[in-house]
Amino acid sequence: MTIENEFLSIQIKKTGAELGSLFDKKKETELLWQGDANYWSGQAPILFPIVGGLKEGKFIYDNKEYELSRHGLARRSNDWKIEKKNETTVKCTLISDKKTLRIYPFDFELIVTYSLKEKKLIIHHEIKNTGAKKMPFSIGGHPAFNCIVNNKTSYSDYYLEFEKEENSDRHFLNEEGLFSGETKLVLNNTNKLPLSNTLFNDDALVFQDLKSKVITLIGPRGSILKVVYQDFKTIGIWAKPKAPFVCIEPWVGYADTINSTQDLFEKEGGQVLEPRKVFDAEYKIEVF
């Protein structure tokens with residue numbers, strides 16, 4: 001599914017309702033990572049109903065164990081309904097069914113709407129609890145952006161600029177993708193994070209206390225795009241080591257800790273939605 005306006009065109013894939021292209025028409029430049037499997041085959045998966053991994057890959061509800069893979073069930077689903085609402089808006093809907101209930105025993109409707117407005121792509125998430133019981137969940141974005149590397153530019157020519165000066169620790173993930181409790185000061189009274197081929201050797205940089213709600217990707221020719229995430233509390237910054245892209249990931253919720261009880265209702269950073277209630281969150285990608 002493709003939509004476009006004067007400035008941008010985007011493509012949405014059937015699997016996972018994932019963004020597959022973010023094309024700057026004026027500069028004739030593809031801004032979204034194109035999923036080279038030599039590094040990482042993803043592009044911008046939707047993370048639901050968990051962000052990150054669970055302890056032992058499972059959770060316990062009503063005395064029963066459920067297995068749920070890293071980042072949840074939405075990103076690889078082929079059951080999304082994708083419809084073009086108008087020339088610049090696509091609505092994507094995923095509804096719980098027998099398959100989802102086997103691994104996540106809650107009734108839901110997840111609606112993700114992609115809208116173009118001038119040089120902005122707005123990604124809006126609406127989560128409905130359609131059941132009769134409380135529903136624990138997390139939601140997140142995982143967009144990966146190209147960093148052009150050739151004989152004239154290198155990955156280290158790029159950096160991220162935060163809206164405000166930050167003094168923030170990263171929270172480390174262990175080999176199982178769980179938070180170990182280890183932290184390290186990464187943003188030391190600065191608003192800049194230089195990219196390098198070794199920055200992600202220890203997995204994602206996860207920040208839980210940023211003051212900034214805007215992060216800008218800047219390259220050798222200046223600002224490329226910015227991600228605005230007013231509704232999200234946690235940010236993951238990630239790339240495969242030595243890969244020419246960077247993910248700027250707005251999250252509500254995050255991976256389990258090593259001390260997790262495996263109860264989603266007690267999950268750090270998670271949300272609980274009352275029956276028949278709705279949760280909304282959106283972020284924007286604005287191109288320069």
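It should be emphasised that the depicted structure is a prediction, and the values quoted were computed from it without experimental measurement. In what follows, every heavy atom counts, from backbone to side chain, and hydrogens, waters and symmetry copies are set aside.
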Interatomic distance, L54 atom CG to L264 atom CG [nearest 0.5 angstrom]
6.5 Å
Minimum heavy-atom distance I46-A17, with the two atoms named
CD1-O, 3.6 Å
Hey, any chance F145 and L8 share a hydrophobic cluster, counting ILVMFWY side chains that come within less than 4.5 Å of each other, even indirectly?
yes
Tell me whether K284 is salt-bridged to E286, with the criterion being a basic N under 4.0 Å from an acidic carboxylate O.
no
Ring centres of F137 and F106 under 6.0 Å apart?
no
Qualifying residue, where the test is side-chain contact (heavy atoms from CB on, under 4.5 Å) with T88 and the options are I10, L121, N5
N5
Could you go through the side chain to side chain contact (heavy atoms under 4.5 Å, CB included) check for Y66 and I103 one step at a time?
CA-CA 5 Å; Y66 294 87; I103 56 175; 5.6 Å; no
Mind checking whether I123 and F23 sit in one hydrophobic cluster, side chains of I, L, V, M, F, W, Y counted as touching below 4.5 Å?
no
For G141 and E249, which heavy atoms make the closest approach, and how far apart are they?
O-CB, 3.2 Å
Quick check, are the ring centers of H142 and W40 under 6.0 angstrom apart?
yes
May I ask you to test the L173-S180 pair for a side-chain heavy-atom distance under 4.5 Å?
no
So M1 and Q11, side chain to side chain contact (heavy atoms under 4.5 Å, CB included) or not? Walk me through it.
CA-CA 6 Å; M1 178 74 71; Q11 294 178 7; over 6 Å; no
Side-chain donor-acceptor distances from residues 218-246 under 3.5 Å, at least two apart:
| from | atom 1 | to | atom 2 | distance (Å) |
| --- | --- | --- | --- | --- |
| Y229 | OH | S212 | O | 2.9 |
| D231 | OD2 | E282 | N | 3.0 |

Is it the case that the ring center of Y61 lies less than 6.0 angstrom away from the ring center of Y104?
no
Is it the case that the side chain of N191 and the backbone of K164 share a donor-acceptor pair, with hydrogens and angles ignored and the cut-off at 3.5 Å?
no
Contact between F108 and K128 at the side-chain level, heavy atoms closer than 4.5 Å - yes or no?
no
If hydrophobic clusters are built by linking Ile, Leu, Val, Met, Phe, Trp and Tyr wherever their side-chain heavy atoms come under 4.5 Å apart, do L199 and L217 end up in the same one?
yes
Just so I know, are the side chains of Q271 and V252 near enough to count as touching, which here means a heavy-atom distance under 4.5 Å?
yes
Note: E30 and S21 closest approach over all heavy atoms is OE1-OG, 2.6 Å
Electrostatic pair K211-E165, nearest N-O below 4.0 angstrom
no
Salt bridge present between E67 and K58 (N-O < 4.0 angstrom)
no
Distance, nearest 0.5 Å, that separates CG of L110 from CG of L94
6.0 Å
Using side chain to side chain contact (heavy atoms under 4.5 Å, CB included) as the criterion, list what pairs up with T198, not counting sequence neighbours.
S196, N201
Is the shortest distance from a Lys or Arg side-chain nitrogen in K25 or E4 to a carboxylate oxygen in the other one below 4.0 Å?
yes
Is there a side-chain contact between S260 and F59, using heavy atoms and a 4.5 Å cut-off?
no
Does E83, at its CD atom, have more than 12 non-hydrogen atoms belonging to other residues, nucleotides or ligands within less than 6.0 Å?
yes
If you look at every heavy atom in F288 and K27, which pair is closest and at what distance?
O-NZ, 3.3 Å
Please test M135 against V272 for side chain to side chain contact (heavy atoms under 4.5 Å, CB included), starting from the C-alpha separation and ending with a verdict.
CA-CA 5 Å; M135 183 179 82; V272 176; over 6 Å; no
E87 versus I3: any side-chain heavy-atom pair under 4.5 Å?
no
SG-NZ distance between C92 and K85, expressed to the nearest 0.5 angstrom
11.0 Å
Should the heavy atoms of other residues, nucleotides or ligands under 6.0 Å from CD of E268 be counted, would the total exceed 12?
no
Judged by atom type as modelled, is there a donor-acceptor pair below 3.5 Å linking the side chain of Q43 to the main-chain atoms of G20?
yes
My understanding is that only one of D256, T257, T261 makes a side-chain hydrogen bond (donor to acceptor under 3.5 Å, both in side chains) with K267; could you say which?
D256
Kindly state each residue pair satisfying salt bridge (Lys or Arg N to Asp or Glu O under 4.0 Å) with at least one member in residues 92-120, sequence neighbours excluded.
D79-K99
Hydrophobic cluster membership, with links at side-chain heavy-atom distances under 4.5 Å among I/L/V/M/F/W/Y: are V214 and Y158 in one?
no
In terms of heavy-atom contacts, does NZ of K84 have more than 12 from other residues, nucleotides or ligands at under 6.0 Å?
yes
Could you report the tightest heavy-atom contact between S69 and I50, atom names first, then the distance?
O-CD1, 3.4 Å
Should F172 and F179 be marked as a ring pair (Phe, Tyr, Trp, His ring centres under 6.0 Å) after you check the CA-CA gap, both sets of side-chain angles, and the distance that decides it?
CA-CA 6 Å; F172 281 93; F179 285 109; 9.7 Å; no
Give a yes-or-no answer on whether the side chains of H125 and D280 include a donor-acceptor pair shorter than 3.5 Å.
no
What are the two closest non-hydrogen atoms of K91 and T113, and how far apart are they?
CG-OG1, 4.2 Å
Evaluate the side-chain proximity of P194 to Y155: yes if any heavy-atom separation is below 4.5 Å, no if none is.
no
Could you check whether any side-chain heavy atom of I82 comes within less than 4.5 Å of a side-chain heavy atom of I12, counting everything from C-beta outward?
yes
F265-F279 co-clustered via ILVMFWY side chain contacts under 4.5 Å:
yes
V206 vs R170, test: side chain to side chain contact (heavy atoms under 4.5 Å, CB included). Steps then yes/no.
CA-CA 5 Å; V206 180; R170 68 175 292 186; 6.0 Å; no
With a 3.5 Å cut-off and no angle check, do the side chains of S168 and D209 form a donor-acceptor pair?
yes
So CG of N197 and OG of S156: to nearest 0.5 Å the spacing works out to 7.5 Å
Give me the one residue out of V51, L47, I127 that meets side-chain contact (heavy atoms from CB on, under 4.5 Å) with S138.
V51
In this structure, CG of L187 is separated from CG of L205 (nearest 0.5 Å) by 8.0 Å
For residues N174 and I258, determine if any side-chain heavy atom of one lies less than 4.5 Å from a side-chain heavy atom of the other.
yes
Rounded distance [0.5 Å steps], CD1 in I215 versus CG in L193
8.5 Å
